[in-house]
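Values below: all heavy atoms of this structure, side chains included; hydrogens, waters and symmetry mates excluded.
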Amino acid sequence: ARSMYNIQHTVTPEDGALKVKLECIRPDAEIHYTTDGSEPIATSPLYKEKLAVKETLNLKSATFVKGRQMGKTLTLPVRWNLATAKPVSGCNPNEKLLTNGIRGSLKYSDFEWCSWTNNDSISFTIDMEKMEKVNTFTIGCITSYGMAVHKPRLIEIAVSGDNKTFDKAGERTFTPEEIFRERWGTPEDPTADGLEFHREFQEAEEIPPFGEKETEVPESYEDAGVEE
């Protein structure tokens with residue numbers, strides 16, 4: 001099947017950079033890539049080891065056998081900002097996805113979404129590693145009705161200069177109608193939920209969003225009782 005030639009990716013913050021790992025289960029396939037947004041061809045750079053990314057770019061890659069493209073082109077638009085590649089501390093190893101520069105798509109299975117199960121509330125801290133002036137904080141959510149995946153009831157942002165005392169900087173709450181809405185976003189960005197806090201934060205070293213997930217599930221919901 002041609003799908004066997006598709007590329008699987010892992011983007012992980014490491015030592016202040018993003019390390020991009022590309023894999024294909026077919027041993028006869030070569031992976032070629034570009035970083036300028038152009039389509040990869042058989043003469044594009046050959047992938048041999050993890051790629052180190054330290055800036056905004058549009059990475060595209062595809063598999064080739066004897067000069068012929070076999071799988072679909074994988075497109076990874078990397079967004080670099082103050083939080084990209086910064087360490088995240090919390091209760092979930094997958095929280096490293098929160099600062100890996102890749103925005104999740106509308107597919108819950110694209111391995112770019114961080115999920116928490118069996119918790120009424122969670123928190124995590126992004127360590128900026130130095131004093132930074134942060135103007136805007138953005139976090140995205142996905143809703144998958146069939147998979148019982150929904151946004152939290154409350155997201156709260158707090159900032160700290162010493163990781164001990166935190167000052168509340170903003171919050172966003174959702175109504176039950178918003179929590180269980182299937183589709184969000186715009187044609188330009190279908191995953192956008194408008195979770196942007198436009199505010200002049202005080203200079204801060206730690207920015208810990210606190211998400212409270214407890215909410216009532218409508219009786220009509222077919223998967224009622226399933227925890228996120």
Query raised in the report: Can you tell if the side chain of Thr12 reaches within under 4.5 Å of the side chain of Asn100, non-hydrogen atoms only?
Result: no
Query raised in the report: Are Ile179 and Arg153 close enough that some pair of their side-chain heavy atoms sits under 4.5 Å apart?
Result: yes
Query - Close side-chain approach of Tyr33 and Pro45, heavy atoms under 4.5 Å - result: yes
Query - Heavy-atom check, side chain of Glu112 versus side chain of Arg103, under 4.5 Å - result: no
Query raised in the report: Who are the ring-ring contact (aromatic ring centres under 6.0 Å, His included) partners of Phe64, not counting sequence neighbours?
Result: His32
**Report entry** Test item: Ile126 and Lys86 side chains (from C-beta on) under 4.5 Å apart, heavy atoms
**Finding:** yes
Query raised in the report: When rounded to the nearest 0.5 angstrom, what is the spacing between CD1 in Ile7 and SG in Cys24?
Result: 7.0 Å
Query - Check: Lys60 side chain, Gly37 main-chain N or O, donor-acceptor pair, under 3.5 Å - result: yes
Requested in this report: Report the C-alpha separation of Leu18 and Trp80 in whole Å, then their side-chain angles, then the decisive distance to 0.1 Å, and conclude whether the side chain to side chain contact (heavy atoms under 4.5 Å, CB included) test is met.
Outcome: CA-CA 10 Å; Leu18 298 176; Trp80 196 276; 3.8 Å; yes
Query raised in the report: Are any of the side-chain nitrogens in Asp162 or Lys164 under 4.0 Å away from the carboxylate oxygens of its partner?
Result: no
Report task. Check whether any side-chain heavy atom of Leu59 sits under 4.5 Å from a side-chain heavy atom of Leu51, and report yes or no. Result -> yes
Requested in this report: Please test Glu178 against His150 for side chain to side chain donor-acceptor pair (under 3.5 Å), starting from the C-alpha separation and ending with a verdict.
Outcome: CA-CA 9 Å; Glu178 292 174 322; His150 302 283; over 6 Å; no
Query raised in the report: Can you tell me if Asn94 uses its side chain to pair, donor with acceptor, with the backbone of Leu97 under 3.5 Å?
Result: no
Query raised in the report: Without hydrogens or angle criteria, can the side chains of Thr99 and Glu95 be said to hold a donor-acceptor pair below 3.5 Å?
Result: no
Query raised in the report: With no hydrogens and no angle check, do the side chains of Asn81 and Thr84 hold a donor and an acceptor under 3.5 Å apart?
Result: yes
